[in-house]
Structure formats: structure tokens, C-alpha cells
Amino acid sequence: MDAPIGIFDSGYGGLTVFKSIKERLPQYDYLYLGDNARTPYGTRSFETVYEYTLEAVKYLFDQGCHLVILACNTASAKALRTIQQNDLERIAPGKRVLGVIRPTTELLGKLSKTKNVGVFGTNGTVKSNSYLIELEKFYPELKVFQEACPMWVPLVENGEIDNAGTEYFIKQHVDNIFSKCPDIDSLLLACTHYPMLASVIEKYLPAGVTLLSQGPIVAESLEDYLSRHPEIESNCSKSGSERFLTSDSTDSFNSIGSLFLERPLNSEHIKIPH
Ligand code: DGL
């Protein structure tokens, strides 16, 4: 039976990716799941992120989804490969899980002229070295500088987008990454929450530096994936609907989520089975 495309994030961040996907591919149905009860993932261990992500993926498969996008860098970095290689065949043969890292590294490598790129991410994403490993495979000539920005997710989640306190933490990490290498010409926001801070981050960047958000890149890559995989595409239902599920309070999800999506939304509460 055909079913919506599942989109998963630890909380609200994946909504920045969902927004771009929906703009590019409005014909499909989507089921968004935010694990707000257990967010943040960025500070958690490999084992915990893997366990939580697998539970969420299973839940979305149980709702009928044939394809699940991990719209979360931390989950993509720490859980995607193991789920693809060890779990998928056993729990849901024929179903697919995709992440956000591969499509963004492809573009980041192509874009840089100085061959020095920067990656802003959560502690978990940076420590996993997933971006280093993935970029090394395709662009061995590239130098990658990473910077963990642990305050950025809580600032975004608390709606603290444009004020002096937020600017302090943004300037701090921008200065840090350019002190590692002044020649960085392309910077990736490798956390799906960070696009909410993009306009403030841009204020502190040297002229000529490109700041990349993942939403449009992932949306384009999904379109390409669906065109190359008719066996998956034909199982994705197409009535242009959307549903938002959260493992925590729907009131909070509706109010904070609408900031991410830039329009009102109505969420439903669910419990992710262990
Ligand atoms: N949105 C998640 C990511 O892209 C991070 C949020 C969290 O720490 O849970 O990495």
C-alpha cells in the first residue's frame, strides 16, 4: 500500500528540511516525527542516538512509510549507516532510510575554490567525524575544519534568534573556525536547527564566504533519488497532505514548530515504543 514519506528529527530542526522538501515536492504526503521528549540528541552517546533513531524509524515504518529521511545530522552521523547495514534487511526489507550528510558533502566539495571548508555541527556530529570521513572519500584534496556549537540548538529551541546573547555565541564560533583557517570559503550548517540562525551568522562572516543550509540540497537530492528509484517512488502516496507527530507537548510543538515552518501547524502526540 502506498504511504507518506517519513521525516524524522530529534525535535524541531528537521522542519527546516521538511519546509524545503515540501516546497520542491508538494505532491507527496509527509509524516513528520519529532522526538521532542528525548531531544537534544547532539549531546548523547553513539549508542543512545542509535537506539532512539532506530525506534523512531521502526515507528514510522509501522505507520506504513516506505521511505524515511533522517532530517537530523546527529542521527544521520551516528545511526544511519548501522541501520542501513544491520537493521533494514531484518526489520523492513525493501524499505529505505536516507540521511542528510551524503547530499550535502557532495555539494560542499564542489563549491569550494580555496579547498578549505568549514562545518558547524552539534558535539555529536563533530565527534563522529562523519563529515570528515565522507568528504575525504570524494574530495581527498579538501581541508575540513569543524566547530561544535553546543549553545546554538538550545538558543533556537528557546526562540532566542536575534539578540545580543545569541550574537555573542555566534561570533564566538565564527571567530573560532576562522582562527583555525582564515581561507575557508564555504561553510556548512551541519545541524538542521542552524538555518534559523543563518541571517545572524552571515553578519559575522568575512566577505565572499558562502553559507550553506541543508534544506534545499536535501530536497533536490530527494527528488533525484525518487526519479532513480521507481520501486520506492511508486509506494509514496501523493495527495499533498502533511501530519506532524511529536513525542512531547503538542502545544510547544505547535508554537515553536510554526517558527521553523513560518506558518501555523497542528501536531499530534504519540509515544515512540521502546
Ligand atoms: N537537529 C539536530 C541535528 O541536525 C540537532 C539537534 C539535537 O541536538 O537534537 O544535528
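Just so you know, ligand 1 is whichever comes first in the structure, and atom 1 is the first atom listed for that ligand. One-based numbering along the sequence shown.
- Using a 4.0 Å cut-off between charged side-chain N and carboxylate O, R228 and E223 make no salt bridge.
- Atoms of ligand 1 lying under 4.0 Å from any heavy atom of T39, numbered from 1 in the order shown and given with element: 9 (O).
- Listed by atom number, the atoms of ligand 1 under 4.0 Å from G42 heavy atoms are 7 (C), 8 (O), 9 (O).
- Here the heavy atom of the protein found nearest to atom 5 (C) of ligand 1 is C191 SG, 3.6 Å.
- At under 3.5 Å, a nitrogen or oxygen of T74, whether backbone or side chain, sits near a nitrogen or oxygen of ligand 1.
- Side-chain atoms of K78 come within 3.5 Å of backbone atoms of R44 as a donor-acceptor pair (strictly under, hydrogens ignored).
- Here T122 has side-chain heavy atoms under 4.0 Å from ligand 1, and that is the only part of it that gets that close.
- Residues R263 and E242 are paired through a salt bridge, judged by an N-O separation under 4.0 Å between the basic side chain and the carboxylate.
- A salt bridge links R38 to E55: at least one charged side-chain nitrogen sits closer than 4.0 Å to a carboxylate oxygen.
- At least one heavy atom of C72 sits closer than 4.0 Å to an atom of ligand 1.
- Close contacts of ligand 1 with S10, meaning ligand atoms under 4.0 Å from a residue heavy atom, involve 6 (C), 7 (C), 9 (O).
- A donor-acceptor pair is defined here as one N or O able to donate and one able to accept, closer than 3.5 Å; no such pair exists between the side chain of H193 and the backbone of P154.
- Neither the backbone nor the side chain of T43 has a heavy atom within less than 4.0 Å of ligand 1.
- Here the CZ atom belonging to F120 is positioned 8.5 Å from the CG atom belonging to N176, to the nearest 0.5 angstrom.
- With a heavy-atom cut-off of 4.0 Å, N73 touches ligand 1 through backbone and side chain alike.
- Here F260 and F18 keep their ring centres 6.0 angstrom or further from each other.
- Taking distance alone, with nitrogen or oxygen atoms compared against 3.5 Å, A190 stays at or beyond that limit from ligand 1.
- For S237 (side chain) and D29 (main-chain N/O), no donor-acceptor pair under 3.5 Å exists by modelled atom type.
- Ligand-side atoms of ligand 1 in range of Y41: 7 (C), 8 (O), 9 (O), range being under 4.0 angstrom from any heavy atom.
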